[in-house]
Every structure is written in structure tokens, then in C-alpha cells.
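Each ligand, and each atom within it, is numbered from 1 in the order the structure gives.
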Amino acid sequence: MTVAQLKNISKIYGKGESETVALNNIDFKIEQGDFWAVIGPSGSGKSTLLNILGCMDVPTSGEYYLNGQLVNDFSNEQLSKARNEVISFVFQYFALLNEYTVYDNIMLPLNCRKMSMTEKKKRINYYMERLGIEKLSKKKPAQISGGQQQRVAIARAMVTCPDIILADEPTGALDRKTGEELMNLFQEINNEGKTIVLVTHDMKVAAKAQRQLIIEDGKSKIVE
Ligand SMILES: Nc1ncnc2c1ncn2[C@@H]1O[C@H](COP(=O)(O)OP(=O)(O)OP(=O)(O)O)[C@@H](O)[C@H]1O
Ligand SMILES: [Mg+2]
């Protein structure tokens, strides 16, 4: 089943002399259970692509289908719903709330859900255990390591049971060993059926994914 499909997507920033073509007629299809690495040099359009997939940005032209529905036509309400229920993001610098505990950070995307507190707690405990961070639940982000913070961010991304996890340089701020552990974790999560699209500069990191999409000057090429 196709989860997301980009058809002829272009993104142009600015006008006239300051115009930048960030994406140039991209076609990209993500099937359920796929694990894609998006690679390419700095400024090639990787984050722009991820932001469009995540409904955080809109293309200048082209069509984006999410679970068969045309995102171009989405209302603000549908966009928020897609961001909360269909897609989850993992960022390079974790993007955790420093004044919240690990537990409350993972709870965040569930706050607006019509779900019993018992069910929310059950889910959070399940993912904390799954990611090996259950002992850290009462700590604040500043009191745990970078690798542990990224595990919290991954738990937060998984707790909503999204259709796709989008990760922008998730190992970029970690040392090599911790980065490798994190990539093994992404592989496990993918083996359990999760669809993942992960942006990276690092070919070694990209090699852990099932397929690679190379972006250069806003144009894409698939390596399988
Ligand atoms: N908001 C913006 N306004 C204007 N230009 C932008 C904006 N965001 C990105 N760009 C430009 O679009 C191009 C693609 O940027 P993007 O952030 O997608 O690259 P990237 O591949 O993620 O790079 P990096 O590896 O450095 O993160 C770059 O030339 C960038 O300068
Ligand atoms: Mg980027």
C-alpha cells in the first residue's frame, strides 16, 4: 500500500535574483513498511523534501498524496490532523521540552487525543520500555545523554502510532557509536513494520536503510 506519493513536486524559494530552486520536479513514492534514506550534499533540498512530506511546508507546484488523499486540498484542520496522527518527526537536536520530564515529553502528542489516561499511560510505558528509557521517566532532558534524548524523541514519535516517521539527520549530533546504536534501533522499528524516511549526509548511516533516494541540486535519483 502506498502511504505517500509526491508527483512532479517543485519548491522555489524567493523571487527574481534571490530565487532558489530547492526541489525540481521530484517524483517519490513511499510504500508501507519502506525504510528510505535521503542523501545528498548540504543545500540539495533534503530538509525541504522532508518538510513537504511532513505537511510542514507546501510545494510551489506538483501534487502530494497522503494515504491516497491530495494534501494540496487539505484544510488547516486536516493538516493539523495529519501532523498529529499520520506523521511523526525526529530532529537532529531532539527538540525536547527542557522543562518537562522524559515522561511528559513523550505524553505531549497524546495531550489532545480523546483517549483514556489509562490507555495513554500504557502506551507511554510500552514505548519507554521498548526504547530502554523506562528508568529515565522522571528526569529532564538536560540530565540525560544525547543518545538517550534521541531515544526519548523516538518514543515521542512512536507513541501516536503514526503511518510514517520522518527523521532529519537523527544521528547528526551524536558520536559514531551512539549513532550506530540509534540506526540499529531504526532498523528494528522498521522490521516491526514502521515506515521510515531518514535524511542523512553519512553514507554509512544511509547503508542501513532499505533504499536510498539521492538528491542533488533539487533533483532525485533512486538507488536500490
Ligand atoms: N526558508 C527558506 N528560504 C529561502 N531559501 C531556503 C529556505 N529553506 C531552504 N532554502 C534553500 O533551499 C535549498 C535547499 O535547502 P534544504 O534545507 O532543503 O537543504 P538540505 O539538503 O536539507 O541541506 P543540509 O544538509 O545543509 O541540511 C538551499 O539552497 C537553501 O538555502
Ligand atoms: Mg537539512
Answer yes or no: does atom CE of Met1 have more than 12 heavy-atom neighbours from other residues, nucleotides or ligands under 6.0 Å? yes
Within a radius of less than 6.0 Å around CG of Asn111, do more than 12 heavy atoms belonging to other residues, nucleotides or ligands occur? yes
Other residues, nucleotides and ligands only: do more than 12 of their heavy atoms fall within 6.0 Å of CD on Glu216? no
I'd like the contact residues of ligand 1, where contact means a heavy atom below 4.0 Å. Tyr13, Thr20, Ala22, Pro41, Ser42, Gly43, Ser44, Gly45, Lys46, Ser47, Thr48, His201
Assess whether salt bridge (Lys or Arg N to Asp or Glu O under 4.0 Å) is satisfied between Arg130 and Glu192, documenting all intermediate values. CA-CA 12 Å; Arg130 173 70 191 81; Glu192 289 162 16; 2.8 Å; yes
Closer than 2.8 Å to the Mg ion (ligand 2) - protein N, O or S atoms, ordered by chain and residue number: Ser47 OG
Can you say whether the rings of Trp36 and Phe28 are parallel (under 30°), tilted (30 to 60°) or perpendicular (over 60°)? perpendicular
Let me see the working for Arg176 and Glu181 under salt bridge (Lys or Arg N to Asp or Glu O under 4.0 Å), right down to the final yes or no. CA-CA 9 Å; Arg176 181 158 287 280; Glu181 284 167 11; over 6 Å; no
Would you indicate whether Asn72, at its atom CG, is surrounded by more than 12 heavy atoms from other residues, nucleotides or ligands within a distance under 6.0 Å? yes
Any side-chain heavy atom of Ile164 sitting closer than 4.5 Å to one from Leu66? yes
Please check if atom NZ in Lys139 has more than 12 non-hydrogen atoms from other residues, nucleotides or ligands closer than 6.0 Å. no
